[in-house]
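None of the values given here were measured: they were computed from a predicted structure. Lettering follows sequence order; numbering is per chain, from 1.
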2 protein chains.
Amino acid sequence: MAVGLSSRSAVAIHALTMLARWGERTLTSAEIADSLASNPVLVRRILGSLRDAGLVWATEGRGGGWSLARPAREITLYDAYRAVEAGPILSRHPHEPSSQCEVGRNIQALLEVEFQDAERAMEERLGRTTIAHLVQRTLDIERELALPTR
Amino acid sequence: MAVGLSSRSAVAIHALTMLARWGERTLTSAEIADSLASNPVLVRRILGSLRDAGLVWATEGRGGGWSLARPAREITLYDAYRAVEAGPILSRHPHEPSSQCEVGRNIQALLEVEFQDAERAMEERLGRTTIAHLVQRTLDIERELALPTR
DNA sequence: CCGAACTGTAATGACAGTAGTTGCAGTTAA
DNA sequence: TTAACTGCAACTACTGTCATTACAGTTCGG
């Protein structure tokens, strides 16, 4: 346990956004790694999780690469998050508290409800944005930058 | 970065609930550590953060210990969370993506908005439950257990 | 059928953060 | 003066992340 989740969600969303943006062709893990300033193995690991979750698929061998397994507007940030992150956000007690204590023997059950609700609130918000939204915003920004200054 | 936040929030909330439950007297870090099945130094570290956040105060020396600095109904789980957890929940990119890539040069700003919103949703939910709520529920459960079976 | 270009995966190392512990200085009350 | 506290630094053991190397398997083009 440490501070914050891994950056796998950010990497997964980045990769999905690239696949959606250049949907007409497959992208290799090396191309995605270039954009991430990372390396192909890391990308394949994360895309592997996304593949297991049914979000993307890969073709092997020469000329192979990655594509979205369903439309970008049907893939939310929560889908990506869920596919690559493991445990709960808010860690529970490191060990069982004392059953001798009135608070100790009840706190875990109470906290479980609160923490699950809180995590669900976060996940629900992630579920409201799709990869298609991110692609659209990316295109909007790029178009705006391309405008001549007046 | 790692999977899940530290358990400091859970420990902090546990300690605050104990302080609220036995509000008439101070509790020592050793007493709280007993309930947590942990040790006093860890408890003092976390209560130290809560003290810095103005949630509790300590009296030093013999007979000293910890008390809430304000009413339990004015301390939310978010207050505890905020006092002891450092960084963002959802980690961002490990390094700057490539500016050569249309997606790479825009994704960070887009993700920042999404992730901050998602984190705020979680925090907002944590802010709706107070320590007083947890004490009340603890007492309810204990009272229920004390009822004779019929 | 060979070789190049891919994916898939295991193993490893450097690093960072957590949880737990020891040790000790400072403070206060009996 | 001593016992019971807090405060804090230092240290260990452990775990997870990120990056990298190495290599096996797959597919296409010539």
Side-chain angles (χ1 to χ4, degrees), chain A residues 1-12 14-15 19 25-52 56-67 69 84-97, chain B residues 1-12 14-15 19 25-52 56-67 69 84-97:
Chain A
M1 303 156 191
V3 170
L5 286 176
S6 71
S7 68
R8 286 195 294 267
S9 295
V11 171
H14 185 139
L19 292 176
R25 66 184 189 92
T26 64
L27 298 182
T28 67
S29 55
E31 289 172 312
I32 297 173
D34 275 351
S35 177
L36 280 161
S38 183
N39 74 82
V41 176
L42 183 64
V43 172
R44 286 203 289 269
R45 264 206 297 262
I46 290 176
L47 289 185
S49 298
L50 298 181
R51 178 199 53 215
D52 295 345
V56 301
W57 51 271
T59 55
E60 292 189 4
R62 181 179 182 137
W66 302 85
S67 305
V84 299
E85 298 290 356
I89 312 293
L90 295 157
S91 285
R92 278 55 172 174
H93 283 67
H95 15 248
E96 193 85 7
Chain B
M1 304 154 190
V3 169
L5 286 175
S6 69
S7 68
R8 285 195 295 267
S9 295
V11 171
H14 186 140
L19 292 175
R25 67 185 188 90
T26 64
L27 298 182
T28 67
S29 55
E31 289 173 312
I32 298 173
D34 275 350
S35 177
L36 281 161
S38 182
N39 74 83
V41 176
L42 184 63
V43 171
R44 286 202 288 271
R45 264 207 295 258
I46 290 175
L47 289 184
S49 299
L50 298 181
R51 178 197 55 216
D52 295 344
V56 301
W57 52 271
T59 55
E60 293 188 3
R62 182 178 179 137
W66 301 85
S67 305
V84 299
E85 297 290 357
I89 311 293
L90 295 157
S91 286
R92 277 54 173 175
H93 283 67
H95 15 247
E96 193 84 9

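Rounding to whole angstrom units, CH2 of residue B:W66 and C1' of D:dA4 are separated by 15 Å. In this structure, the CG atom of B:L47 is 13 Å from the P atom of D:dC8, given to the nearest Å. The CD1 atom of A:I46 sits 15 Å away from the C1' atom of C:dT9 (whole-angstrom rounding). Atom CD in A:E85 sits roughly 13 Å away from atom P in D:dG16 (whole-Å rounding). Taking atom CG of residue A:L42 and atom P of nucleotide C:dA10, one finds them 16 Å apart after rounding to whole Å. B:L90 places its CG atom 14 Å from the P atom of D:dT17, with the value rounded to the nearest Å. The distance from atom CG of A:L36 to atom C1' of D:dC18 is 12 Å, rounded to the nearest whole Å. In this entry the distance linking CZ of A:R44 with P of C:dA5 reads 14 Å, nearest Å.
Put simply, B:S38 has a side-chain N or O that comes within less than 4.0 Å of OP1 or OP2 on C:dG20. Taking only side-chain nitrogens and oxygens, A:S29 comes nearer than 4.0 Å to OP1 or OP2 of C:dT7. Close to D:dG7, at under 4.0 Å from its OP1 or OP2, lies no side-chain N or O of B:R45. Residue A:S7 places at least one side-chain N or O under 4.0 Å from the OP1 or OP2 atom of D:dC18. Between A:N39 and D:dT20, a side-chain N or O to OP1/OP2 separation shorter than 4.0 Å is present. In this model, the phosphate group of C:dA19 is not approached by any side-chain N or O of A:H95 to a distance below 4.0 Å at OP1 or OP2.
Between B:A30 and A:R62, it is B:A30 whose nearest contact on DNA chain D lies nearer the 5' terminus. Residue order along DNA chain D, read from the 5' end via each residue's closest nucleotide, puts B:G65 first among B:G65 and A:E60.
Taken from CG in B:L90 to CZ in A:R8, the straight-line distance is 12.5 Å, to the nearest 0.5 Å. For the atom pair A:N39 CG and A:R45 CZ, the distance stands at 8.0 Å (nearest 0.5 Å). A distance of 12.0 Å separates CD of B:E96 from CG of A:L36, quoted to the nearest 0.5 Å.
Side-chain atoms of A:V84 and A:V11, non-hydrogen and from C-beta on, never get closer than 4.5 Å to each other. Looking at B:I46 and B:R44, their side chains never come closer than 4.5 Å, going by heavy atoms from C-beta outward.
Side-chain proximity of A:P94 to the nucleotides C:dG23, C:dT18, C:dG20 is greatest for C:dG20. Counting only heavy atoms from C-beta on, B:R51 has its side chain closest to D:dC8 among C:dT9, D:dC8, D:dA19.
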